[in-house]
Number of protein chains: 2
Amino acid sequence: MSRKGWRSGKGIRIADVAHLAGVSTATVSRVLANPDKVRTKTHDLVMEAVQRSGYTPNSVARNLRKRRTMTALVIVPNLANPVFAQILRGIDDELTRSGYGLVIGNLDNCAEREARYVDLALSRQVDGVILMNGRVPASGKRTMTEAGLPMVAMCAAIEGEGIPNVVVQDREASRAAVAYLTRLGHRSLGYIAGPAGNIIAAERLTGFLEGVVAAGLSERDLVRWEGRFVFEAGVAAAEAFLRLKRRPTAIYASCDESAIGFIKAIRAAGVRVPEDVSVIGFDGIEFADYIEPTLTTFRQPLHELGRTGAGVLLKMIRNDMKPEDWHIRLPLSLLERDTTAPVSSRASEMKRRSKA
Amino acid sequence: MSRKGWRSGKGIRIADVAHLAGVSTATVSRVLANPDKVRTKTHDLVMEAVQRSGYTPNSVARNLRKRRTMTALVIVPNLANPVFAQILRGIDDELTRSGYGLVIGNLDNCAEREARYVDLALSRQVDGVILMNGRVPASGKRTMTEAGLPMVAMCAAIEGEGIPNVVVQDREASRAAVAYLTRLGHRSLGYIAGPAGNIIAAERLTGFLEGVVAAGLSERDLVRWEGRFVFEAGVAAAEAFLRLKRRPTAIYASCDESAIGFIKAIRAAGVRVPEDVSVIGFDGIEFADYIEPTLTTFRQPLHELGRTGAGVLLKMIRNDMKPEDWHIRLPLSLLERDTTAPVSSRASEMKRRSKA
DNA sequence: TCGTAAGATGTAATCGATTACAAAATGTCG
DNA sequence: CGACATTTTGTAATCGATTACATCTTACGA
């Protein structure tokens with residue numbers, strides 16, 4: 001490439017193209033942005049110069065001038081969690097359709113990392129933020145809110161901050177899980193919870209307790225274990241379970257990973273699923289269908305959730321919110337598979353006997 | 001906030017801070033970038049103005065002026081794959097240590113999406129690119145290379161393009177897998193391959209075939225199935241396997257997901273693992289330890305891989321490459337678990353008899 | 001052919017920071 | 001105290017696009 005008359009530097013600027021085509025930079029810009037506002041002849045002339053020079057507009061400059069970046073930030077608690085990976089696909093799809101890009105802010109379950117992304121947002125590198133971490137990062141709470149930065153909460157709701165929420169019906173599904181298990185005859189239940197401070201975990205727990213009340217069970221029919229939405233939490237719960245004198249006949253795990261860890265550990269100890277214990281999970285990750293027995297669980301509409309949430313963010317950015325956009329709750333669906341069964345005859349007998 | 005003397009607009013600019021502190025923008029900039037090049041008194045004055053105004057520098061403007069964004073792009077074939085999720089953590093860790101940010105470009109197994117990220121790179125929104133997709137995107141091949149954009153290939157090597165490679169020893173591990181199985185006495189093997197055009201898949205296949213030769217086996221001792229690095233591929237392979245008259249006694253799956261799908265499907269058909277068939281996977285995903293029986297597999301050093309790759313990219317950006325940085329191959333480690341066992345007595349007997 | 005409206009193009013300001021260079025302030029020493 | 005070296009600070013150019021406004025063309029009817 002030894003064309004002359006160009007800057008010797010590296011990048012090709014709009015000015016270079018303009019010079020090459022013998023027009024002004026304004027014209028080049030117009031050709032690229034509003035081809036119909038320019039004479040055909042000029043258009044072709046400029047396009048040829050663009051081709052020849054291999055020009056690509058510098059979007060950093062464009063973003064500065066236009067005061068927007070066409071990019072959204074998504075804060076994710078943990079990328080390794082397949083639930084979030086799926087939601088991200090939905091978000092990406094929707095944003096792409098509107099020409100927006102996506103920056104993923106992975107917290108890796110570590111709240112301190114929020115600061116980094118707050119900075120990204122405040123330094124005007126993104127036009128909006130999707131929060132899947134259940135809160136406006138503390139370090140930017142005042143600033144982000146005051147700056148009027150468009151934000152949407154997904155998965156975990158953020159109440160009372162003027163932020164729209166797009167979530168699934170965790171509570172209802174939890175209630176339904178309990179109802180499902182009691183319908184199978186189970187009257188003593190175990191619950192593997194999520195992390196203590198976690199909003200989603202709290203929702204699911206609330207639903208569980210509501211379901212318990214609705215089923216007419218008392219606290220004495222329950223056992224609860226802490227968890228952290230990971231395999232190990234299920235394993236730990238299993239250890240506690242195995243030490244129990246009077247074991248529940250059904251377990252509700254607030255996420256599939258915990259359910260899977262739990263099942264693995266109790267089966268290793270000789271407990272049969274579902275003959276001795278029924279287990280139901282939550283999330284509907286792909287893996288749940290590949291363990292043995294296949295896991296009964298509630299499936300989240302992950303892709304739809306992502307698309308919907310991104311859609312709301314776009315409306316927010318465009319200042320086009322409708323009343324119904326501020327609070328969206330998508331339903332889950334029960335996947336009945338092989339880890340749940342009617343309470344075993346032995347247990348039923350005990351129950352029947354005590355009833356008589 | 002009704003301080004006066006400021007622009008009524010939304011964002012607070014460096015000029016506002018300068019005005020508030022009674023200094024020039026240059027001084028504010030210096031206070032923030034080189035605090036020691038400024039008198040203490042001025043420093044404090046400016047900092048107070050920064051506090052009071054809640055100023056955050058606009059990094060779009062800074063990036064334009066500095067002609068760099070402190071951001072790297074990582075092109076990932078499929079975010080839902082836990083292998084990549086883990087690698088990303090490693091990359092993120094390393095980049096963060098150097099003050100760099102990270103944009104994830106998820107292809108979702110769809111090569112057309114490359115174009116979008118090529119544009120991101122060419123429009124100078126990132127300082128470098130990590131390619132995990134095994135090739136320089138066709139749409140930007142010429143341009144990206146000519147522009148001298150720092151690029152690094154990870155996972156899947158890209159040969160002969162002047163791009164450094166950071167990969168794992170796929171071929172060696174595949175060879176080792178075969179050696180391991182033959183050491184257990186298996187003489188007839190099945191192989192579940194990766195997608196046809198995929199470079200990683202090719203490497204692993206090559207290693208497998210090399211191992212077969214080294215073990216003195218012939219093509220007649222082998223069965224091979226196509227796969228696509230997903231569960232379903234394992235299930236499909238299992239169906240083919242079950243139809244076989246003379247079944248291999250050991251299967252090597254080129255990724256854990258396929259191995260897991262395979263195991264699930266053959267067990268459902270009554271074939272025992274490892275008594276009837278040994279199975280070994282590849283990758284070492286967390287899940288492999290939660291199926292039944294636990295999966296023998298090769299673990300990739302994912303986090304290290306990510307950190308190393310990001311490290312090489314940073315050197316590339318800083319023009320600080322050393323000869324040994326251009327080709328790095330990390331070793332894998334065998335996780336011996338429960339899906340592999342010495343060939344069953346029946347099979348051994350057959351073999352012994354035929355030898356005699 | 002000319003006047004005028006509509007359309008095409010050019011000029012220069014702008015986005016918000018950084019930084020080379022100039023100017024001013026401070027400090028040091030004879 | 002004054003001359004000069006050394007810090008500090010300010011002025012203005014710069015990064016590379018977009019776009020309001022001004023200017024120049026073109027087209028068309030009188």
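Below, chain A is the first sequence line, B the second, and so on; all start at residue 1.
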* To do: Provide, to the nearest angstrom, the distance between the CZ atom belonging to A:Arg13 and the P atom belonging to D:dT14.
  => 11 Å
Using atom names, set out every protein N or O paired with an N or O of nucleotides 10-13 of chain C below 3.5 Å, distance rounded to 0.1 Å.
from   : atom 1 : to      : atom 2 : distance (Å)
C:dG10 : OP2    : A:Ser24 : N      : 2.8
C:dG10 : OP2    : A:Ser24 : OG     : 3.1
C:dG10 : OP2    : A:Thr27 : OG1    : 2.6
C:dG10 : N7     : A:Arg30 : NH2    : 2.9
C:dG10 : O6     : A:Arg30 : NH1    : 3.4

* Salt bridge check: are A:Asp119 and A:Arg124 linked by an N-O gap of less than 4.0 Å? -> no
* Between A:Glu114 and A:Arg135, is the closest basic N to carboxylate O distance under 4.0 Å? -> yes
* Asked: How many Å lie between CG on A:Asp36 and P on C:dA8, as a whole number?
  -> 9 Å
* What is the distance from CD1 of A:Ile12 to C1' of D:dC15, rounded to the nearest Å? -> 16 Å
* Asked: Is any NZ, NE, NH1 or NH2 atom of the basic residue among A:Asp325 and A:Lys315 found under 4.0 Å from an Asp or Glu carboxylate oxygen of the other?
  -> yes
* Structure fact -> Scoring nucleotides 22-27 of chain D by protein non-hydrogen atoms under 4.0 Å (B base, S sugar-phosphate only, - none) yields ------
* C:dG16 phosphate, OP1 or OP2: any side-chain N/O from A:Arg67 under 4.0 angstrom? -> yes
* Please confirm whether the backbone N or O of B:Arg13 pairs with a side-chain atom of B:Asp16, one donor and one acceptor, at under 3.5 Å? => yes
* Does the distance from a Lys or Arg side-chain N to an Asp or Glu carboxylate O, for B:Asp44 and B:Arg39, drop under 4.0 Å? -> no
* Structure fact -> note: B:Lys66, atom NZ; C:dA17, atom C1'; distance rounded to Å ~ 10 Å
* Asked: Shortest non-hydrogen contact from B:Met151 to B:Ile163?
  -> O-CG2, 3.7 Å
* To do: Could you check how far CG of A:Asn63 sits from C1' of D:dT18, rounded to whole Å?
  => 12 Å
* Asked: Which whole-number value in Å describes the distance from A:Asn34 CG to C:dT9 C1'?
  -> 14 Å
* Asked: Does any non-hydrogen side-chain atom of A:His327 lie less than 4.5 Å from one of A:Glu159?
  -> yes
* Asked: Which atom names give the shortest non-hydrogen contact between B:Gly162 and B:Trp326, and what distance separates them?
  -> O-CZ3, 3.2 Å
* To do: State whether the side chain of A:Asp108 and the backbone N or O of A:Cys110 hold a donor-acceptor pair below 3.5 Å, judged by distance alone.
  => no
* Asked: A:Tyr55 OH to D:dG16 P: how many Å, rounded?
  -> 10 Å
* Structure fact -> Here the distance between atom P of C:dC15 and atom CG of A:Asn58, to the nearest Å, is 18 Å
* Asked: Side chain of B:Ser29: nearest nucleotide among C:dT19, D:dT18, D:dA17?
  -> C:dT19
* Asked: If you look at every strand shown and take non-hydrogen atoms under 4.0 Å, does B:Thr42 touch a base, only sugar-phosphate, or nothing?
  -> sugar-phosphate
